[in-house]
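One structure is given here, and the rest of the page talks about it.
Counting convention: from 1, in listed order, for ligands and their atoms alike. For clarity, every value in this text was computed on a predicted model and none was experimentally measured.
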Amino acid sequence: MLLYSHFLAAQGQVSTDSRQPQPDTLFFALNGPSFRGAAFAPQALAKGARHAVVDDEALAATDPTRYTYAPDPLLALQQLARHHRQQFNIPVLAVTGSNGKTTTKELLTAVLAKRFRVLATIGNLNNHIGVPLTLLRLRTGEHELAVVEMGANHRGEIAAYCEWAEPTHGLITNIGKAHLEGFGGAEGIALGKGELFDYLTRTGGTAFVNTLDYKVVERAVHVPQRLSYPQPGDTYPATLLAADPAVALRLADGTEVAAQLTGDYNFLNLAAAAAVGQHFGVPTTNIAAALAAYNPQNNRSQLVRTARGNELVLDAYNANPSSMAAALRSFAQRPATSGNQDKVVILGDMFELGSESQREHAELGHLLADLPIGLVVLIGEEMRNAHATNINTHYFPTKAEAAEWLRQHTPQGQQVLVKGSRGMALETLVELL
Ligand SMILES: CC(=O)N[C@H]1[C@@H](OP(=O)(O)OP(=O)(O)OC[C@H]2O[C@@H](n3ccc(=O)[nH]c3=O)[C@H](O)[C@@H]2O)O[C@H](CO)[C@@H](O)[C@@H]1O[C@H](C)C(=O)N[C@@H](C)C(=O)N[C@H](CCC(=O)N[C@@H](CCC[C@@H](N)C(=O)O)C(=O)O)C(=O)O
Ligand SMILES: Nc1ncnc2c1ncn2[C@@H]1O[C@H](COP(=O)(O)OP(=O)(O)OP(=O)(O)O)[C@@H](O)[C@H]1O
Ligand SMILES: C[C@@H](N)C(=O)N[C@H](C)C(=O)O
C-alpha cells in the first residue's frame with residue numbers, strides 16, 4: 001500500500017485540519033458540509049505537512065512528491081486505518097451503545113491503564129472519521145491494548161467500523177432510544193448496535209454483556225465467548241450501594257468503590273469497567289482506585305456547586321428519551337441536601353427522533369407530571385409537546401427567552417438538573433444558576 005509508506009514516513013502522524021499545526025504529518029483533505037478539504041492542502045503543506053491526499057487530480061499532478069490523488073480521501077483514510085490496525089496483534093475492545101459510551105470508555109481505559117499501555121479514543125471521536133483517526137494512533141512497542149469507542153446514527157456504521165478495527169472484544173453499554181430517526185425505530189437501533197456482537201460471532205470474539213438490558217442479552221446470544229455483568233450469578237457481579245450524591249458500588253470480592261459520578265444509571269457504566277478490568281487481570285484494588293478517581297468534567301453527569309448555592313446535575317452534553325428518563329428518575333430520588341428544597345429541572349429539546357419526536361416529548365411530559373419536581377423549565381420547539389398543564393411548568397420556545405426568565409427567577413440553594421441535546425448547548429445557562 002503506497003499510502004502506508006507515506007504514513008510511516010510521517011511517523012504515523014495524520015492531520016485533517018489546516019487550521020491546526022501540521023509538522024511532518026500526512027494530511028487528508030476531507031470534504032464536509034462547509035468546506036472542500038483540497039482547497040486547504042497547499043496551506044497544510046506550507047505549514048509543515050509532509051504529504052497530502054487530495055481528490056483534486058489537477059492539484060495532485062502539480063507535484064507528485066507532495067500529493068497523492070485519491071478519488072475519496074475519506075475512504076483512503078479508512079482503508080489506511082484498517083491496514084495499520086492489521087499490523088497489531090493486540091486485544092482491541094470496541095465500545096458502543098445508546099448511552100454512556102464515552103463515560104464507560106473513560107472508566108475502563110482508566111482501569112486498564114493500571115496494567116497495560118492503552119490506546120483509547122480521545123473524547124468522543126467515535127464516527128466514520130474519528131474511528132480511523134483513533135486506529136491510526138496505534139504505535140508499535142507502545143500500545144498493548146486498544147479501546148475504540150464507536151458511535152452510530154444509522155444501520156451499517158458499526159459493521160463498517162468493525163471491519164476497520166477488527167475488535168477482539170466488544171461491549172454494548174445499553175440499547176435505548178437514541179438516534180431513532182436514522183436507525184428507523186427501536187428495532188433498527190438494536191440491529192445497528194448489535195452489529196458489534198454480530199462481528200464477534202463471526203470472528204470468535206468475546207462480548208461483555210449487560211444482563212440488565214434484555215436487548216443487549218438478545219443480541220449477544222450467538223457470541224461464542226460471553227462474559228456477563230452485573231447481576232448475582234453473572235461472571236462479574238456488582239452491587240449498587242448508593243446513587244446519591246454519587247454512585248457507590250461493591251465488586252464481587254467485596255471491595256467497595258465510592259465513585260464521583262452521579263445517577264444510578266452510572267452504576268452500570270462503572271460495573272462494565274470493573275468487569276472488563278477483572279477479565280484482563282487488573283487487581284481489584286487498582287480497579288477500585290481507577291473508578292474512584294474518575295471525575296467527569298465534560299457536562300456528562302457532572303456535579304457543580306454554584307455561587308448561588310445551587311447544586312447542579314449538569315448533564316447538558318446530550319439527551320434522548322432513554323437518558324432523559326434515567327436522569328430524571330435518578331434526580332427525583334436525590335435526597336434534599338439542606339432543608340426543604342424544591343427540585344428544579346431545566347430541559348431542552350431531544351434531537352434526532354424523527355417521526356417519534358412529538359410522541360416522545362409528550363411522553364416526557366407525562367413522566368414529569370408523575371415526578372416530585374418543584375419547578376420545570378422546558379426549552380425548545382419540540383418541548384412544546386412536553387408542556388403539560390402543571391402550574392409548576394414554564395415553557396420557552398427559545399433559550400434566550402428562558403435565560404431572560406431565569407435572570408428574574410434565579411433558583412437559590414436548590415438542586416437543579418440541566419439536560420438537553422447537544423444542539424441546545426444548555427451549559428450556557430449555568431452562569432445564570
Ligand atoms: C470533516 C471534519 O473532520 N470536519 C471537522 C471540521 O469541520 P469544519 O467546520 O471545518 O467543516 P467541514 O467539515 O466542512 O470541513 C471539511 C474539511 O476541511 C478542513 N478544513 C476546513 C477549514 C480550514 O480552514 N482548513 C481545513 O483543513 C476540515 O478540517 C475538514 O477536514 O472542524 C470541526 C471543528 O473542529 C469538527 O467538528 C469537524 O469534525 C466533524 C464533525 C467530525 O465528524 N469529526 C470526527 C473526528 C468525530 O469523530 N467527531 C465527533 C462526532 C461524534 C458524534 O457525533 N457521534 C455520534 C454518532 C455519529 C454518527 C455518524 N454517522 C456521524 O454522522 O458523525 C454519537 O452519538 O456518538 C465529535 O466531534 O465529537
Ligand atoms: N448507562 C446509561 N444509561 C442511561 N443514560 C446514560 C447512561 N450513561 C450515561 N448516560 C447519559 O448519557 C449522557 C452522555 O454520556 P456519554 O457521553 O458517556 O454517552 P455517549 O453514549 O458516549 O454519548 P455520545 O456518543 O453522544 O458521546 C450522560 O450525561 C448521561 O445523561
Ligand atoms: C452529540 C451527538 N453525539 C449526540 O449525542 N447527538 C444527540 C442527538 C444529542 O445531542 O442529544
(message) If we count only non-hydrogen protein atoms and require a distance under 4.0 Å, does atom 47 (C) of ligand 1 qualify as touching the protein?
(response) yes
(message) Are any of the N/O atoms on Ala326, whether in the backbone or the side chain, positioned under 3.5 angstrom from an N/O atom of ligand 2?
(response) no
(request) Return the residue, atom name and 0.1 Å-rounded distance of the protein heavy atom closest to atom 7 (C) of ligand 2. (result) Tyr265 CD1, 3.6 Å
(request) Carefully, step by step, assess Thr134 and Tyr161 under the rule side-chain contact (heavy atoms from CB on, under 4.5 Å). (result) CA-CA 11 Å; Thr134 302; Tyr161 302 168; over 6 Å; no
(request) Answer yes or no: does an N/O atom from Ala152 fall short of 3.5 Å to an N/O atom of ligand 1? (result) no
(request) Identify which of Asn126, Val131, Asn153, Leu74 has a heavy atom lying nearest to atom 56 (C) of ligand 1. (result) Asn126
(request) Name the option, out of Thr102, Asn127, Thr134, Asp17, that contains the heavy atom nearest to atom 35 (O) of ligand 1. (result) Asp17
(message) Among residues at least two apart in sequence or on other chains, which ones pass salt bridge (Lys or Arg N to Asp or Glu O under 4.0 Å) with Glu356?
(response) Arg359
(request) Write out the protein residues near ligand 3, meaning a non-hydrogen atom under 4.0 Å from one of its atoms, in order of chain and number. (result) His179, Tyr317, Asn318, Ala319, Phe351, Glu352, Ser421, Arg422
(message) For the 3.5 Å polar cut-off, considering only N or O atoms, please tell me whether Asn31 and ligand 1 meet it.
(response) no
(message) Residue-level breakdown please: for Tyr317 versus ligand 2, do any non-hydrogen atoms fall below 4.0 Å on the side chain, on the backbone, on both, or on neither?
(response) side chain
(message) Using heavy-atom distances only, which candidate in Asn174, Leu314, Asn126 approaches atom 3 (N) of ligand 2 most closely?
(response) Asn174
(message) At under 4.0 Å between heavy atoms, is it the side chain or the backbone of Asn318 that contacts ligand 2, or both, or neither?
(response) side chain
(request) Answer yes or no for His128: is there a heavy-atom contact with ligand 1 below 4.0 Å? (result) yes
(request) Could you tell me which atoms of ligand 2, counted from 1 in the order shown, lie closer than 4.0 angstrom to a heavy atom of Ser301? (result) 28 (C), 29 (O), 30 (C)
(message) For atom 8 (N) of ligand 2, what is the closest protein heavy atom, and at what distance to 0.1 Å?
(response) Asn269 ND2, 2.9 Å
(request) May I ask you to identify, for Ala178, whether its side chain, its backbone, both or neither come under 4.0 Å of ligand 2 on a heavy-atom basis? (result) neither
(request) Please state which part of Thr104 comes within less than 4.0 Å of ligand 2, counting heavy atoms only: side chain, backbone, both or neither. (result) neither
(request) Heavy-atom contacts with Ser98 under 4.0 Å: which atoms of ligand 2 show up? List them by number with element. (result) 21 (O)
(request) Looking only at protein heavy atoms, identify the closest one to atom 17 (C) of ligand 1 and say how far it is in Å. (result) Leu30 O, 3.2 Å
(request) Give the contacting part of Lys419 toward ligand 2: side chain, backbone, both or neither, where contact means a heavy-atom distance below 4.0 Å. (result) side chain
(message) For atom 11 (C) of ligand 2, tell me which residue out of Gly151, Ser322, Ser323 has the closest non-hydrogen atom.
(response) Ser323
(request) Identify the protein heavy atom lying closest to atom 31 (O) of ligand 1, giving its residue, its atom name and the separation to 0.1 Å. (result) Thr16 O, 3.0 Å
(message) Using a 4.0 Å heavy-atom cut-off, which part of Asn99 comes near ligand 2: side chain, backbone, both, or neither?
(response) both
(message) Looking only at protein heavy atoms, which one is nearest to atom 17 (O) of ligand 2, and what is the separation?
(response) Arg300 NE, 2.3 Å
(request) Select one of side chain, backbone, both or neither to describe which atoms of Lys105 lie under 4.0 Å from any atom of ligand 2, heavy atoms only. (result) neither
(request) Describe, in one word, how the ring planes of His279 and Tyr236 are oriented to each other, choosing from parallel (under 30°), tilted (30 to 60°) and perpendicular (over 60°). (result) perpendicular
(request) Determine, for Arg329 against Asp264, whether the closest basic-nitrogen to carboxylate-oxygen distance falls under 4.0 angstrom. (result) no
(request) Name all residues meeting the side-chain contact (heavy atoms from CB on, under 4.5 Å) criterion together with Pro321; count only those two or more places apart in sequence or in a different chain, and write none if there are none. (result) Lys177, Met350, Leu353, Glu360
(request) Distance to 0.1 Å, residue and atom name: give those for the protein heavy atom nearest to atom 19 (O) of ligand 2. (result) Gly100 N, 2.9 Å
(request) Check each atom of ligand 2 against the heavy atoms of Glu149 and keep those under 4.0 Å away; list them by number with element. (result) 22 (O)
(message) Using a 4.0 Å cutoff against the non-hydrogen atoms of Thr102, which atoms of ligand 2 qualify?
(response) 17 (O), 18 (O), 20 (P), 22 (O), 27 (O)
(request) Before signing off on this row, confirm whether Pro33 and ligand 1 have an N or O atom pair separated by under 3.5 Å. (result) yes
(request) Tell me, please: is Asp315 in heavy-atom contact with ligand 2, that is, under 4.0 Å? (result) yes
(message) Looking at atom 54 (O) of ligand 1, tell me if a protein heavy atom falls under 4.0 Å from it.
(response) no
(message) To check your reading of the model: name the closest protein heavy atom to atom 2 (C) of ligand 1, its residue, and the distance in Å.
(response) Ile129 CD1, 4.0 Å
(message) Closer than 4.0 Å and a protein heavy atom, does any atom meet both conditions relative to atom 5 (C) of ligand 1?
(response) no
(request) Please work out whether any backbone atom (N, CA, C, O) or any side-chain heavy atom from C-beta onward of Lys101 is under 4.0 Å from ligand 1, and answer side chain, backbone, both or neither. (result) side chain
(message) Counting non-hydrogen protein atoms only, what is the nearest one to atom 70 (O) of ligand 1? Give residue, atom name and distance.
(response) Asn124 OD1, 2.9 Å
(request) Would you please determine whether Glu106 falls within less than 4.0 Å of ligand 2 on a heavy-atom basis? (result) no
(request) Show the numbers, then the answer: is there a salt bridge (charged side-chain N to carboxylate O under 4.0 Å, His left out) between Arg422 and Glu427? (result) CA-CA 10 Å; Arg422 185 81 305 268; Glu427 64 275 14; 2.9 Å; yes
(message) Asp198: which residues meet the salt bridge (Lys or Arg N to Asp or Glu O under 4.0 Å) condition with it, sequence neighbours left out?
(response) Arg219
(message) Can you report which non-hydrogen protein atom sits closest to atom 7 (O) of ligand 1, along with the distance?
(response) Arg19 NH2, 4.3 Å
(request) Look at atom 63 (O) of ligand 1 and say whether a protein heavy atom is found at less than 4.0 angstrom from it. (result) yes
(message) Check the orientation of His394 and Phe396. Use parallel for under 30°, tilted for 30 to 60°, and perpendicular for over 60°.
(response) parallel
(message) Quick test: of every protein heavy atom, which one is nearest to atom 20 (P) of ligand 2, and how far off is it to 0.1 Å?
(response) Lys101 N, 3.4 Å
(message) Among all the protein's non-hydrogen atoms, which is closest to atom 27 (O) of ligand 1, and how far away is it?
(response) Ser18 N, 2.8 Å
(request) Run down the list Arg36, Met150, His179, Glu352 and name the one with the heavy atom closest to atom 65 (C) of ligand 1. (result) His179
(message) For ligand 1, which is the ligand I care about here, please tell me if Glu157 has any N or O atom under 3.5 Å from one of the ligand's N or O atoms.
(response) yes
(message) Can you tell me which portion of Phe35 lies within the under-4.0 Å heavy-atom range of ligand 1? Options are side chain, backbone, both, or neither.
(response) both
(message) Can you tell me if Ala319 contacts ligand 2 (heavy atom of the residue under 4.0 Å from the ligand)?
(response) no
(message) Please list the nearest protein heavy atom to atom 18 (O) of ligand 2 with its residue and the distance rounded to 0.1 Å.
(response) Thr103 OG1, 2.6 Å
